Amino acid sequence: MNIRIGNGYDIHQLVSDRPLILGGVTIPHELGLLGHSDADVLTHAIMDAMLGALSLGDIGLYFPPSDPQWAGADSLKLLAQVNQLIRERGWEVGNIDSVVVAERPKLKPHISAMRDRLAQVLNIEGDRIGIKATTNENLGPVGREEGIAAYAVTLLVTQP
């Protein structure tokens, strides 16, 4: 069996009048993430990790913010396309480990739903996706509640 590891990172600014979407789940909050698509930092970090594991660039290469067709795009649909890219090359997700960094809102009640949505899109078992939430202890732009960041590591394996 061959394996490849990739890591990803994303951060988006918090603003009013936008929904807060993480891992494909809309989370009740007075602020949402600003971005060309739905600005789902968790899904974006996972996609970058998947692409990076196979040296396929990053999500900006496939879904550039300068292209109007991606305005408001559902990141889960983009994730499905990235998953198709890796599967066409004979690989699949072995597992994902991720961290969402946000001061508010509390994400623990939403982690199970995020895991389920991501697993469904990737067509893998939910126990192959780890999602953790932490704060930045009031430090930096995330700590000042100016944005939310996410980190992801993905292990890709050759399909049997």
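Side chains are part of it too, since the values below use all heavy atoms of this structure and drop only hydrogens, waters and symmetry mates. As the structure is a prediction and not an experimental result, all values here were calculated from the model.
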Extract all donor-acceptor atom pairs below 3.5 Å that involve side chains of residues 52-66 and protein atoms in other chains or at least two apart in sequence.
| from | atom 1 | to | atom 2 | distance (Å) |
| --- | --- | --- | --- | --- |
| Asp58 | OD1 | Gly60 | N | 3.0 |
| Asp58 | OD1 | Leu61 | N | 3.2 |
| Tyr62 | OH | Leu56 | O | 2.8 |

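- The distance from the CD atom of Glu145 to the CG atom of Asn138 is 7.5 Å, given to the nearest 0.5 Å.
- Under the rule for a side chain to side chain contact (heavy atoms under 4.5 Å, CB included), the partners of Glu125 that lie at least two apart in sequence or sit in another chain are Asp127, Arg128.
- Separation of atoms OG (Ser75) and CD1 (Ile46) is listed at 10.5 Å; rounding is to 0.5 Å.
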Enumerate donor-acceptor pairs with a distance under 3.5 Å from any side-chain N or O in residues 105-118 to protein atoms, sequence neighbours excluded.
| from | atom 1 | to | atom 2 | distance (Å) |
| --- | --- | --- | --- | --- |
| Arg115 | NE | Ile129 | O | 3.0 |
| Arg117 | NH1 | Gly24 | O | 2.8 |

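- Listed by first and then second residue, the salt bridge (Lys or Arg N to Asp or Glu O under 4.0 Å) pairs involving residues 11-35 are Glu30-Arg104 (not counting sequence neighbours).
- Of the possible polar contacts, none joining the Asn7 side chain to the Val153 backbone as a donor-acceptor pair under 3.5 Å is found.
- Residues passing the salt bridge (Lys or Arg N to Asp or Glu O under 4.0 Å) test with Lys132 are Asp97, sequence neighbours excluded.
- Applying the side chain to side chain contact (heavy atoms under 4.5 Å, CB included) rule to Ala49 yields the partners Ala152, Thr154; only residues at least two apart in sequence or on another chain are considered.
- Judged as a side chain to side chain donor-acceptor pair (under 3.5 Å), and not counting sequence neighbours, Gln13 has no contacts.
- Scanning for ring pair (Phe, Tyr, Trp, His ring centres under 6.0 Å) contacts around His12 gives His44, with sequence neighbours left out.
- Connectivity analysis of hydrophobic side chains (ILVMFWY, heavy atoms under 4.5 Å, direct or indirect) links Val99 to Tyr9, Ile11, Val101, Val142, Tyr151.
- Inter-residue side-chain proximity for Asp38 and Pro19 is flagged as unmet; no heavy-atom pair is nearer than 4.5 Å.
- Among residues two or more places apart in sequence or in another chain, the side chain to side chain donor-acceptor pair (under 3.5 Å) test is passed with Asn123 by none.
- Other members of the hydrophobic cluster containing Val15, listed by chain and number, are Leu34; membership follows side-chain contacts under 4.5 Å among ILVMFWY residues, whether direct or relayed.
- Note that OG1 of Thr134 and CD of Glu103 are 8.5 Å apart. Values are rounded to the nearest 0.5 Å.
- With rounding to the nearest 0.5 Å, the separation of CG in Leu156 from CE in Met50 is 6.5 Å.
- Side-chain contact between Ile148 and Leu14: present, with at least one pair of heavy atoms (C-beta onward) separated by less than 4.5 Å.
- Scored by the side chain to side chain contact (heavy atoms under 4.5 Å, CB included) test, Val121 finds Leu76, Leu79, Ala80 as partners (sequence neighbours excluded).
- For the atom pair Thr26 OG1 and Ile21 CD1, the distance stands at 4.5 Å (nearest 0.5 Å).
- Side chains of Leu31 and Leu20 form no contact here, defined as non-hydrogen atoms less than 4.5 Å apart.
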